[in-house]
Participant: 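Mind having a look at this structure? Questions to follow.
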Amino acid sequence: RAYKLSVNDFVIKALALALKKVPAANAIFAQDRTLRFQRADIGVAVALEGGLITPVIRAADEKSLSAISNEMRSLAERARDKKLKPEEYQGGVSAISNLGMYGVRDFSAIINPPQSTILAVGATQRRPVETQDGGLRFESQMTVTLSCDHRVIDGALGAQLLGALKGYLEQPVTMLV
């Protein structure tokens with residue numbers, strides 16, 4: 001069976017691996033304490049008529065890109081048909097909201113408790129970049145914005161998480177190992 005991987009599949013996997021690489025960010029605030037997790041459960045916003053729902057890819061850090069792609073496709077389809085079970089959309093440590101397909105370049109997403117972070121993903125664009133010798137080359141760039149629950153993740157920790165995410169997205173082959 002042929003797989004058609006989306007940008008979102010790579011972002012899900014990259015965020016999951018980044019949460020494993022920065023384990024202090026793989027946590028949520030629960031009433032009076034911080035809960036830390038071993039696996040990275042990632043919610044992904046799916047637009048529905050009259051709102052949205054965030055099904056969760058469990059242990060996304062342990063899954064292949066093709067497994068993430070198939071699971072996300074199934075969850076999104078069942079979300080649109082209103083056939084998700086509560087355990088399929090409850091929980092998660094972080095979430096992704098991708099408005100790139102609508103041409104939105106950047107935005108701020110609102111955290112969906114109990115999750116402690118949400119990644120707002122904008123459209124990928126070809127942009128000119130100056131080379132070392134003063135010339136120009138073009139590369140695809142994407143803007144992401146991380147919103148953090150500061151009871152768990154302050155700006156410095158959020159920056160570490162974004163740095164790890166950037167590393168995986170800029171070197172996608174590292175997600176295959």
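Residue numbers run from 1 in the order of the sequence given. The figures that follow rest on heavy atoms only: side chains count, while hydrogens, waters and symmetry mates do not. None of these values were measured; they are calculated from a predicted model.
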Participant: Take a 6.0 Å sphere around CD1 of Ile110 and say whether it holds more than 12 heavy atoms from other residues, nucleotides or ligands.
Facilitator: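 No, not enclosed.
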Participant: Other residues, nucleotides and ligands only: do more than 12 of their heavy atoms fall within 6.0 Å of CD on Glu49?
Facilitator: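 Check fails, neighbour count at 12 or below.
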Participant: Is Lys21 close enough and on-axis enough to Tyr168, meaning under 6.0 Å and within 45°, for cation-pi?
Facilitator: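 The answer is yes, since Lys21 meets both limits relative to Tyr168.
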Participant: Do the charged groups of Arg127 and Glu139 touch, with an N to O distance under 4.0 Å?
Facilitator: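 Between Glu139 and Arg127 there is no salt bridge, as every charged N stays at least 4.0 Å from the carboxylate O atoms.
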Participant: Using a 6.0 Å cut-off, check whether atom CD of Glu77 has over 12 heavy atoms from anything other than its own residue.
Facilitator: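 No - once you tally the heavy atoms of other residues, nucleotides and ligands closer than 6.0 Å, there are 12 at most.
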Participant: Which atoms form the tightest heavy-atom contact between Met142 and Val7, and what is the distance?
Facilitator: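 Shortest heavy-atom contact: SD-CG1, 4.1 Å.
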Participant: If we check side chain to side chain donor-acceptor pair (under 3.5 Å) with Ser94, which of these qualifies: Asp41, Asn26, Thr117?
Facilitator: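 The passing option is Thr117.
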Participant: Charged N to carboxylate O under 4.0 angstrom, Arg78 versus Glu88?
Facilitator: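 Salt bridge: yes.
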Participant: Return yes when atom NZ of Lys82 has more than 12 non-hydrogen atoms of other residues, nucleotides or ligands closer than 6.0 Å, and no otherwise.
Facilitator: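 Counting other residues, nucleotides and ligands, NZ of Lys82 exceeds 12 neighbours.
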Participant: Ser97 and side chain to side chain contact (heavy atoms under 4.5 Å, CB included): which partner among Val121, Val46, Val104, Ile118?
Facilitator: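 The side chain to side chain contact (heavy atoms under 4.5 Å, CB included) with Ser97 is passed solely by Ile118 among Val121, Val46, Val104, Ile118.
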Participant: Is the shortest distance from a Lys or Arg side-chain nitrogen in Asp149 or Arg151 to a carboxylate oxygen in the other one below 4.0 Å?
Facilitator: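 Looking at Arg151 together with Asp149, the answer is yes, because their closest N to O distance falls below 4.0 Å.
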Participant: Applying side chain to side chain donor-acceptor pair (under 3.5 Å), can you list everything that pairs with Thr145, at least two apart in sequence or on another chain?
Facilitator: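 With sequence neighbours excluded, Thr145 shows a side chain to side chain donor-acceptor pair (under 3.5 Å) to no residue whatsoever.
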Participant: For the backbone of Leu65 and the side chain of Asp9, can you confirm whether one donor and one acceptor N or O come within less than 3.5 Å of each other?
Facilitator: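 No, because the side chain of Asp9 does not come within donor-acceptor range (under 3.5 Å) of the backbone of Leu65.
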Participant: Quick one: NZ on Lys13 to CG on Leu5, what's the gap to the nearest 0.5 Å?
Facilitator: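 Answer rounded to 0.5 Å: 11.5 Å.
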